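Input: a single structure, listed below in structure tokens.
If you're wondering where the values come from, they're calculated on a predicted model, not measured in any experiment. When a residue number appears, it is its place in the shown sequence, counting from 1. Each ligand, and each atom within it, is numbered from 1 in the order the structure gives.
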Amino acid sequence: AAPSAGSTTAKAKTSSSGDAVSLVFDKDDYTVLTTTITTGSGDHSVTYHFYKAVTYVAKPVDAAYQSLNLSVPVEIDGTAVDVSHAPIMLANIMGGYSSSSTNAATGVGYTGPIIGGPGGGAGGGAGGGNGAGEGATARQNNALYALANGWVVVEPGVRGRDNVAADGTYYGKAPACIVDLKAAVRYLRHNKHRIPGNTDWIVSGGGSAGAALSSLLGASGDSPLYHSYLKEIGAADESDAVFATTAYSPITDLDHADMAYEWMFGTLPLASGATAAEPYSTQLKDAYTGYLRSLHLRGVKGFGTLTADNYADYMVKAYLQPSATAYLTALSDADRTTYLTANPFITWSGGKATFTWDGFLSHIGHRSKNAPSFDALDVSAFENQEFGDATTNARHFTLYSLRTATGDDTAQLDADLPEKIRLMNPMHFIGQRNPGRSRHWWLRTGALDTNTSHNIVLNLAAKLDNLGDDVNSSLYWDGGHAVNEDADAMIAWINHLTG
Ligand code: DHB
């Protein structure tokens, strides 16, 4: 497919004869920027080398997306920093399964980079010019905190569900986004002697759909299932495994997300006051029981086998009450009293918060998506578009929605879809105990998030924990979608692992 017009200011050095773009990183092609970044330890003046829109594949379909920005700190608070062995924060800038470009001006939303914007250095992000979108907080915090802590920061763009060529064909449908992200990792490794930082310590991160992508990158490291796709775009022949994976409200496990959503939010009304569409809500909720059983999960912190019947108790005890307790402990006595008065579903005793599942659900109040949420019956969801193909913008990707929408109980998904669905689901690779996966996982979501159910990220955490991986998972009390409230702790965790 030919790239759409007007989208190629990236430095894709494709010659008119169609020669491949060089995969050799030009370490001298940077600008020097200085910015102030505020982290938990205060304001930091950071001077860094900024490399803009570096194309990371030899045969780009559209270099406007298949390019990355790289930021290398050289001086922090007046002291020179040595980044030769620093971790590399790979903060993908994807949201909504849309294409994300290193060329997007800051201010256009969350599919643009955080650092080095036209507003002057990191001010594009930190100054609030960017970050309007849902996945922005997680990326913004991790990219900026990493830079201020002397890490190298890479912000790769990727193709997405919206990319359409001049001839009307789509060129960014699944699995393009993960193929591109893997290609970016391979590019870094290919240039490990030219790019500062330690490619053995790549830390992936993202928010929302970007968190889904980050989880998938971590889970599917070095899987041969992507090889033909990587070859097609001229990705470097290197490992695409990453050391650690961070994910904030991952919108993932898409082929089971409708069931999980009804399991968790099925009793809640929409913001309009309307109830979710039936019989879909009840049917999907009932189907979740079998899916959960098939996962054979044991809960973290010594919980036994997780089932649809004990999962609410698990979520309350292992995640929600500890999260509320931490939140309330940090408040002043007066603020805590005010909070508890406004939220009588919480019992505060002996320095601990307790409450029931139903009390917690009433605190959330309403669901934000109708049923089915992700494979919408009218194929109107982002996810329907993600699973489109070159000539179809949006398709069903679950038998439930396909058969319900068509009224045909024997209807089958398009033949290419089962594999693409697998290539987009980290649970598949974790279930296969993929040996190339990350072994360190930082998983978060906000307790009030209703973009997807909490089970999605907590199932991921349990499955990885059950394999013996190092999993740090928690919920931010009263946090929303894709927030990141402990970037300092994430940085400290990695610094400890790599120190
Ligand atoms: C995003 C949010 C969603 O609710 C969703 O279904 C997919 C992606 C996002 O913000 O990236």
So His481 and Ser208, side chain to side chain donor-acceptor pair (under 3.5 Å) or not? Walk me through it.
CA-CA 7 Å; His481 182 54; Ser208 195; 2.6 Å; yes
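Counting heavy atoms from C-beta on, the side chains of Thr450 and Leu268 never come closer than 4.5 Å.
Of the N and O atoms on the side chains of His428 and Asn425, not one donor lies less than 3.5 Å from an acceptor on the other residue. Judged by distance alone, the side chains of Tyr248 and Asn141 never bring a donor and an acceptor atom under 3.5 Å apart.
Each of the following atoms of ligand 1 lies closer than 4.0 Å to a heavy atom of Glu383: 5 (C), 6 (O), 7 (C). Atoms of ligand 1 found under 4.0 Å from any heavy atom of Phe382, numbered from 1 in the order shown, are 5 (C), 7 (C), 8 (C). Counting atoms of ligand 1 from 1 in the listed order, those under 4.0 Å from a heavy atom of Asn451 are 2 (C), 3 (C), 4 (O). Interface of Gly95 with ligand 1, defined as ligand atoms under 4.0 Å from a residue heavy atom, comprises 11 (O).
Stacking of Arg367 on the aromatic ring of Tyr261 is not recorded, the 6.0 Å distance cut-off and the 45° axial limit not both being met.
The shortest N or O to N or O distance between Ala209 and ligand 1 is below 3.5 Å. Close N/O approach between Phe374 and ligand 1 is not found [any backbone or side-chain N/O within under 3.5 Å].
Compare Ser98, Ala211, Ser208 by their heavy atoms: the one nearest to atom 10 (O) of ligand 1 is in Ser208.
Residue contacts with ligand 1: Met94 is excluded, as none of its non-hydrogen atoms falls under 4.0 Å.
In summary, of the residues considered (Glu383, His396, Arg395), a side chain to side chain contact (heavy atoms under 4.5 Å, CB included) with Asp375 occurs for His396 alone.
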